[in-house]
Amino acid sequence: MANPLSRTVMVTGSSRGLGLEIVRQLAVADNPPKVIIATCRNPDKATELQALARDHQQIKVIKFDVVDYKSLPSVVEEVKAAVGSLGLNLLVNNAGIMEKCSTQMFGVPLQDLEPQMFRNVLETNTIAPLMLIKALLPQLRVAAAATSGPAGAPRAMVVNISSIMASMGTFLDRHGIYAYRSSKTALNMVTKILAEDPEMKGLLFVAIHPGWVRTDMGTTVAPLRAEDSVSQMLRVVANINEKQNGVLLNYDGSVLPW
Ligand SMILES: NC(=O)c1ccc[n+]([C@@H]2O[C@H](COP(=O)([O-])OP(=O)(O)OC[C@H]3O[C@@H](n4cnc5c(N)ncnc54)[C@H](OP(=O)(O)O)[C@@H]3O)[C@@H](O)[C@H]2O)c1
């Protein structure tokens, strides 16, 4: 990424799936970020991430369960120590969950959906990313102030990994999946509110749909490989400009309706 965003990056949920692949592709890029903070809730079990971190010294693995808000102050301190005076140029809110049951591939039928299932999904997919953004605003602002780049290129930004299943305008014909789809729609609104907030001047916020990808969440029947989804998303992110603040992008760079 020949872009100011190639300086310091943080990715949540990096133990597997898209998060792990984002970290891997950033680390092996021609012009890799100076610091890649890869967070996961169980570093001891994240063996692929740990192997990657051994090979690429710019990867710093931090233990972080995104819904453990009490840990935020210490996570922020670890981020500060890792990025130093550069601040944080790019936060990727990737960690996410979907409600599950044994009778269907995605989601839970309404008759089996319990309030706590919905709350858990909303907590991880919507509230946690917003609380992390709030905690990291000072670091994002440091990066925005410290970075120079081409006119219109963002100096610090947040990418919220969303889903086309949350697009009310597209409304894919997938029945059920009440909690997941609603939580990502709420994440989209969070993205838009932040993008329009005058207090966030200098920062850029976008939501991205990674495509339907072969991961534990996407399942083996998904058409896209994680490698292909991530390479396209990273190209899109590297070329984002300020005019795209507050949009929902597809992984190929096209704009999706909210
Ligand atoms: N795959 C798709 O087709 C698809 C489509 C649209 C959007 N997405 C979105 O893309 C993102 C990544 O999905 P994926 O397909 O890579 O899913 P995945 O393979 O199921 O991986 C999910 C990742 O999120 C982490 N995670 C979950 N809850 C967490 C928590 N409380 N704290 C920290 N980490 C947590 C998991 O960590 P553990 O290993 O500790 O469980 C794991 O690293 C999600 O936001 C998902 O909604 C995926």
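Just so you know, ligand 1 is whichever comes first in the structure, and atom 1 is the first atom listed for that ligand.
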**Student:** Report yes or no: does a heavy atom of Ala46 sit under 4.0 Å from some atom of ligand 1?
**Tutor:**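 The answer is no: ligand 1 sits nowhere under 4.0 Å from a heavy atom of Ala46.
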**Student:** If you measure from CE on Met105 to OG1 on Thr219, what distance do you get to the nearest 0.5 Å?
**Tutor:** 4.5 Å
**Student:** Quick one: nearest non-hydrogen protein atom to atom 23 (C) of ligand 1, plus distance?
**Tutor:** Gly13 O, 4.0 Å
**Student:** Looking at non-hydrogen atoms alone, which of Asn160, Ile161, Ile97, Asn94 comes nearest to atom 44 (C) of ligand 1?
**Tutor:** Asn94
**Student:** Please list the nearest protein heavy atom to atom 31 (N) of ligand 1 with its residue and the distance rounded to 0.1 Å.
**Tutor:** Asp65 OD1, 2.9 Å
**Student:** Measuring from Arg24:CZ to His56:NE2, what's the distance to the nearest 0.5 Å?
**Tutor:**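 Rounded to the nearest 0.5 Å, the CZ-NE2 separation comes out at 8.5 Å.
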**Student:** Below 4.0 Å from any atom of ligand 1, is there a heavy atom belonging to Thr12?
**Tutor:**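 Checking ligand 1 against Thr12, which is what was asked, there is no heavy-atom contact under 4.0 Å.
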**Student:** Looking at ligand 1, does Pro210 have a heavy atom less than 4.0 Å from it?
**Tutor:**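 Yes, that is the case, since the closest heavy atom of the residue is under 4.0 Å from the ligand.
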**Student:** For atom 17 (O) of ligand 1, which of Glu21, Met217, Arg16 has the closest heavy atom?
**Tutor:**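 When every heavy atom of Glu21, Met217, Arg16 is considered, Met217 comes closest to atom 17 (O) of ligand 1.
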**Student:** Spell out, yes or no, whether Met217 and Val213 are grouped together once hydrophobic residues are joined by side-chain heavy atoms under 4.5 Å, including indirect joins.
**Tutor:**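 Unlinked, Met217 and Val213 end up in two clusters.
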**Student:** Kindly identify the option in Met165, Arg41, Arg214 whose heavy atom sits closest to atom 29 (C) of ligand 1.
**Tutor:**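 It is Arg41 whose heavy atom sits nearest to atom 29 (C) of ligand 1.
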**Student:** Return yes when Gly211 approaches ligand 1 closer than 4.0 angstrom through a heavy atom, no otherwise.
**Tutor:**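 It does, in that a heavy atom of Gly211 comes within the 4.0 Å cut-off of ligand 1.
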**Student:** Hydrophobic cluster membership, with links at side-chain heavy-atom distances under 4.5 Å among I/L/V/M/F/W/Y: are Met10 and Met200 in one?
**Tutor:** yes
**Student:** Just heavy atoms, cut-off under 4.0 Å: does Val66 contact ligand 1 by side chain, backbone, both, or neither?
**Tutor:** both
**Student:** Just to be sure I'm reading this right: ignoring hydrogens, which of Ile208, Leu18, Asn120 gets closest to atom 16 (O) of ligand 1? Compare them by their nearest heavy atoms.
**Tutor:** Leu18
**Student:** Write out the residue and atom name of the closest protein heavy atom to atom 22 (C) of ligand 1, then the distance separating them to 0.1 Å.
**Tutor:** Gly96 O, 3.8 Å
**Student:** Side chain or backbone of Lys184 under 4.0 Å from ligand 1, or both, or neither, by non-hydrogen atoms?
**Tutor:** side chain
